[in-house]
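As structure tokens, the structure follows; a few thoughts come after it.
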There are 2 protein chains.
Amino acid sequence: MGFQLTFKALSDPIRREILQLLRTSPLTAGEIAAHFSVSNATISHHLSILKDAELVLDEKQGKYITYELNMTVVDEILGWFYTLKGGDFNEKDN
Amino acid sequence: MGFQLTFKALSDPIRREILQLLRTSPLTAGEIAAHFSVSNATISHHLSILKDAELVLDEKQGKYITYELNMTVVDEILGWFYTLKGGDFNEKDN
DNA sequence: TAGATATTTAGATAAATATCTAAATATTAT
DNA sequence: ATAATATTTAGATATTTATCTAAATATCTA
């Protein structure tokens, strides 16, 4: 539980919007890129940051790569916020 | 509810640790700075970023400035994560 | 096998960020 | 008033980041 990659990943507005896009169902890289006005390469870069943070999972399906939200990590980060609201907190996990 | 400043503020490990320090009670800038090995000026800079994000509130008390957690904004950010978990989401608020 | 499509990787660049030291501001105490 | 203490602001610098274009890789289809 090192949260550095997770929070860094969440600090960019495009990456947060990608997560919201994936809220209802998985999408391919191209479908995701179509929602934005930056290049596909840039979206690919953002996806790799989300992947490193384990906020998304990817699955290769033939020509396409499908991305989906990883709820496990979303829940872990929620846990971090709950420590702020009075729960326990292990200082090492930051 | 523009979350950009909030998430940016949370993306630095020192700032997250400051928030955890303030979990139980308010502290002065100096008390906060004493927990870290960077200069007071640097901590002051981090505090100003947390303040801009409204994650902390400050109150001048004579020679000291006391900082405390702003739970209101913590709760707002929790709301953002809940949209990811199936709730409603207004795309403008990102 | 060639050509088309989907995605990522590489290399470059401009902007943003964290940090430092030194100086400024404000408050308290002698 | 002067000195000491607490904090912030200013200016500089090195690192990180988001973005682009062009090239590489992988898969599908005719």
Side-chain angles (χ1 to χ4, degrees), chain A residues 2-22 25-70 77 91 94, chain B residues 2-22 25-70 77 91 94:
Chain A
F3 287 118
Q4 182 56 23
L5 290 180
T6 319
F7 278 107
K8 269 281 188 244
L10 288 165
S11 74
D12 183 88
I14 287 185
R15 292 196 289 266
R16 288 196 303 279
E17 204 172 333
I18 290 174
L19 295 179
Q20 294 286 357
L21 284 176
L22 297 177
S25 69
L27 294 174
T28 67
E31 289 170 327
I32 293 166
H35 282 79
F36 299 94
S37 49
V38 297
S39 73
N40 282 24
T42 295
I43 295 298
S44 180
H45 170 246
H46 285 307
L47 287 170
S48 97
I49 288 171
L50 288 169
K51 218 169 57 174
D52 288 349
E54 296 180 90
L55 281 162
V56 301
L57 304 171
D58 64 333
E59 188 180 357
K60 184 156 197 173
Q61 289 176 336
K63 194 159 62 158
Y64 303 92
I65 299 179
T66 294
Y67 287 87
E68 70 174 313
L69 258 183
N70 181 5
I77 210 103
E91 296 210 6
N94 183 40
Chain B
F3 288 119
Q4 182 56 24
L5 289 180
T6 319
F7 278 107
K8 270 281 189 245
L10 288 165
S11 74
D12 182 90
I14 287 185
R15 291 195 289 266
R16 289 197 302 280
E17 203 171 333
I18 289 173
L19 295 179
Q20 295 286 358
L21 285 176
L22 297 177
S25 69
L27 294 174
T28 67
E31 289 170 325
I32 293 166
H35 281 80
F36 300 94
S37 49
V38 296
S39 74
N40 282 25
T42 295
I43 295 298
S44 180
H45 170 245
H46 285 307
L47 287 170
S48 98
I49 288 172
L50 288 170
K51 217 169 59 175
D52 288 347
E54 297 180 90
L55 281 162
V56 300
L57 304 171
D58 64 333
E59 189 181 355
K60 183 155 197 174
Q61 290 176 337
K63 193 158 62 158
Y64 302 91
I65 300 179
T66 294
Y67 287 88
E68 71 174 313
L69 257 183
N70 182 4
I77 210 100
E91 296 211 4
N94 183 39

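If you're wondering where the values come from, they're calculated on a predicted model, not measured in any experiment. Residue numbers start from 1 in every chain, and the chains themselves are labelled A, B, ... in the order their sequence lines are given, proteins ahead of strands.
- Nearest heavy-atom pair across B/Ala29 and B/Tyr67 is CB-CE1, 4.0 Å.
- Checking C/dA24 for Watson-Crick or G-U wobble geometry (two distances, each under 3.5 Å) identifies D/dT7 as its partner.
- For the pair A/Leu47 CG and D/dA18 C1', the interatomic distance rounds to 14 Å; values are reported in whole Å.
- For B/Thr42 and C/dT19, the shortest distance from a side-chain N or O to OP1 or OP2 is not below 4.0 Å.
- Pair check for D/dT29 finds C/dA2; Watson-Crick or G-U wobble, both atom distances under 3.5 Å.
- Within the structure, a side-chain polar atom (N or O) of B/Thr28 is placed less than 4.0 Å from OP1 or OP2 of D/dT7.
- In the set D/dT19, D/dA22, C/dC20, D/dT19 carries the atom at the smallest distance from any side-chain atom of A/Ile14.
- When distances are taken from the side chain of A/Asn40 to each of C/dT8, D/dA10, C/dA6, the shortest belongs to C/dT8.
- Counting non-hydrogen atoms under 4.0 angstrom, A/Phe36 reaches nothing in the nucleic acid.
- Residues A/Phe36 and A/His46 fail the side-chain proximity criterion, which asks for heavy atoms closer than 4.5 Å.
- With B/Arg15 contributing its side chain and B/Leu10 its backbone, the two residues share no donor-acceptor pair below 3.5 Å.
- Computed from coordinates, the B/Lys51 NZ to D/dT7 P distance equals 12 Å when rounded to whole Å.
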Which letter, B, S or -, goes with each nucleotide of nucleotides 11-17 of chain C from 5' to 3', with contact meaning a protein heavy atom under 4.0 Å? ------S

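- In this structure, CG of A/Leu10 is placed 14 Å from P of D/dT17, rounded to the nearest angstrom.
- We find that NZ of A/Lys63 is positioned 14 Å from P of C/dT8, with the value rounded to whole Å.
- Distance, A/Leu27 CG to C/dT7 P: 11 Å, rounded to whole Å.
- By the 4.5 Å heavy-atom criterion applied to side chains, B/Asp58 and B/Leu47 are not counted as neighbours.
- Between D/dA6 and B/Lys60, no contact under 4.0 Å exists linking OP1 or OP2 to a side-chain N or O.
- The two residues B/Glu31 and B/His35 come nearest to each other via the heavy atoms O-ND1, 3.1 Å.
- Using a 4.0 Å cut-off, no side-chain N or O of B/Tyr67 falls inside it from OP1 or OP2 of D/dA6.
- Distance CZ/B/Arg16 to CG/B/Leu19: 9.5 Å, rounded to 0.5 Å.
- No engagement by B/Ala33 is indicated, since no non-hydrogen atom pair under 4.0 Å with the nucleic acid exists.
- Look at B/Ser39 and you won't find any side-chain N or O under 4.0 angstrom from OP1 or OP2 of C/dT19.
- Checking D/dT7, C/dA6, D/dA10 against every side-chain atom of B/Ala29, the shortest atom distance belongs to D/dT7.
- Taking atom CG of B/Asp52 as the reference point, atom C1' of D/dT8 lies 13 Å away to the nearest angstrom.
- Residue A/Ala41 has its side chain nearest to C/dA10 when only C/dA10, C/dA22, D/dA18 are considered.
- Comparing atom distances between the B/Ile65 side chain and each of D/dT7, C/dT7, D/dA18 picks out D/dT7 as nearest.
- Considering every non-hydrogen atom in both B/Pro26 and B/Thr66, the closest pair reads CB-CG2, 3.4 Å.
- For the pair B/Arg16 CZ and C/dA18 P, the interatomic distance rounds to 11 Å; values are reported in whole Å.
- Summarising the geometry, the separation between CG on A/Leu50 and P on C/dT8 is reported as 12 Å, rounded to the nearest angstrom.
- Using a 4.5 Å heavy-atom cutoff, the side chains of A/Ile49 and A/Leu55 are not in contact.
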